[in-house]
Amino acid sequence: MNPNDPKLRAFIDVAPDSDFPIQNLPYGVFSTAGAGRRVGVAIGDFVLDLAEMAKAGLLPDVPAGVFESDALNPFMALGPDVWSATRTRLSALLQADAPRLRDDAALRARALVPMAQATLHLPFEVSAFSDFYSSLQHASNAGMILRGANAALMPNWRHMPIGYNSRASTVVVSGAPVRRPLGQLKIGDAPPVMVPCAKLDFELEMGVVIGQDSSMGDMLDQASAERMIFGFVLLNDWSARDIQAWEYQPLGPFLAKAFATTISPWVVTKEALEPFRAPTPAQEPAPLTYLRQTGLQNYDVHLEVDLQTAAMRAPVTISHSNFRYMYWSSLQQLMHHASTGCAMRVGDLLGSGTISGDDKAERGSLLELSWNGTTPLALGDGETRSFLEDGDRLTFRGWAQGEGYRVGFGEAAGVVLPAHPAPK
Ligand code: MN
């Protein structure tokens with residue numbers, strides 16, 4: 001049976017608002033007390049231990065040991081036919097009428113780990129991380145704030161997905177705290193100083209996870225690019241706006257974006273998102289041939305940002321948006337990235353860029369929500385925010401809504417720690 005069939009039910013009870021019904025089966029890396037890291041799949045409130053399932057001989061499409069790994073990279077390297085076969089097999093093992101796992105109490109005890117007992121880790125080794133700037137609403141807002149309405153969009157913006165090479169070394173999994181960076185700032189006419197960032201921000205993004213290599217020198221056509229996309233994660237591109245403002249000319253963002261990027265622990269496969277494909281907004285002018293795409297290349301994934309300050313008892317939602325708003329699709333970003341012959345690698349991560357919508361409540365950064373601090377955001381309990389303060393906890397959530405179930409991403413969360421003392 002098609003693993004995306006909305007009628008499928010697992011033999012495990014899964015709440016209708018759970019992120020992890022049988023139609024999802026996202027991959028992650030987890031550990032438990034006394035046992036090291038291995039690959040698992042989320043199902044309801046459990047993690048299915050794929051190392052145990054493989055040892056039981058139930059995952060024959062995958063060579064021995066691939067799931068006894070601290071990263072998804074060896075599995076991703078096996079390619080899209082194996083990804084698909086494995087997902088189909090896992091779905092068949094978890095279905096309500098499938099006795100093999102359901103009726104084997106000993107195997108169930110070994111292989112189904114309550115999520116509350118699992119520690120979730122960075123799901124894959126990030127080979128390289130590039131970040132884009134592909135939401136028209138975000139690029140227009142940011143441009144208006146920084147350059148004024150007449151020069152909001154740079155002349156290149158509608159011709160290619162604009163991006164920069166960021167840092168893989170500081171991509172962390174949800175839950176890892178983020179320390180406010182120190183940086184060189186230029187304040188007014190005074191000489192530059194090395195002080196804590198005063199304009200710490202988030203960027204609401206999705207990340208596309210590349211699961212196959214491409215060869216240096218080769219461009220990618222649509223068919224080969226599509227087969228390289230393993231899945232997607234939630235992504236927070238923590239940003240230091242004041243550091244960025246002084247450093248970015250003429251080579252673009254550097255340290256303002258390099259200190260931390262948070263991703264969700266679960267990688268939702270491209271295959272699980274197939275039922276939620278959505279059109280890309282009309283692209284005018286038409287892109288050059290190498291960027292043209294057919295079919296529905298965006299995804300209808302609802303996104304939310306919650307903020308809880310140190311003084312708050314419960315978080316408030318400060319933004320909601322949708323992955324389908326992207327002007328340039330993840331596919332176009334990948335085709336563009338490889339277009340000069342840049343080799344892509346298993347484990348490459350491409351950030352979508354901040355995803356903002358038309359509505360004010362759909363702005364995906366504090367830069368936009370507070371209009372660079374000129375209209376501080378009211379949090380509803382007397383507190384306001386222009387930018388993030390120490391102790392603020394941000395939580396991203398995202399899901400595609402099906403009929404009676406949702407394909408969700410879990411969370412990408414992090415709390416802001418105070419900066420280290422500045423050097424004297
Ligand atoms: Mn970004």
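The chain is numbered in sequence order, starting from 1. From a predicted model like this one, the values you see are computed outputs, not experimental measurements. FYI, side chains are in, hydrogens and waters are out, and symmetry mates aren't considered; it's all heavy atoms of this structure. Just follow the structure's listing: the first ligand is 1, and inside any ligand the first atom is 1.
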Check: Can any side-chain N or O of Gln332 pair as donor or acceptor with the backbone N or O of Ser329 at less than 3.5 Å?
Finding: yes
With the Mn ion (ligand 1) as the point of reference, which N/O/S atom of [X] is the closest?
X: Glu203; value: OE1
X: Asp237; value: OD2
X: Glu205; value: OE2
X: Asp131; value: OD2

Next item on the list: Identify whether the distance between the nearest side-chain nitrogen and carboxylate oxygen of Arg241 and Glu203 falls below 4.0 Å.
Entry: yes
Next item on the list: Measure the shortest side-chain to side-chain distance between Gln184 and Ile243 over non-hydrogen atoms and say whether it is less than 4.5 angstrom.
Entry: no
Check: Using 30° and 60° as the class limits, which term best fits the ring planes of Tyr327 and Trp157: parallel, tilted or perpendicular?
Finding: tilted
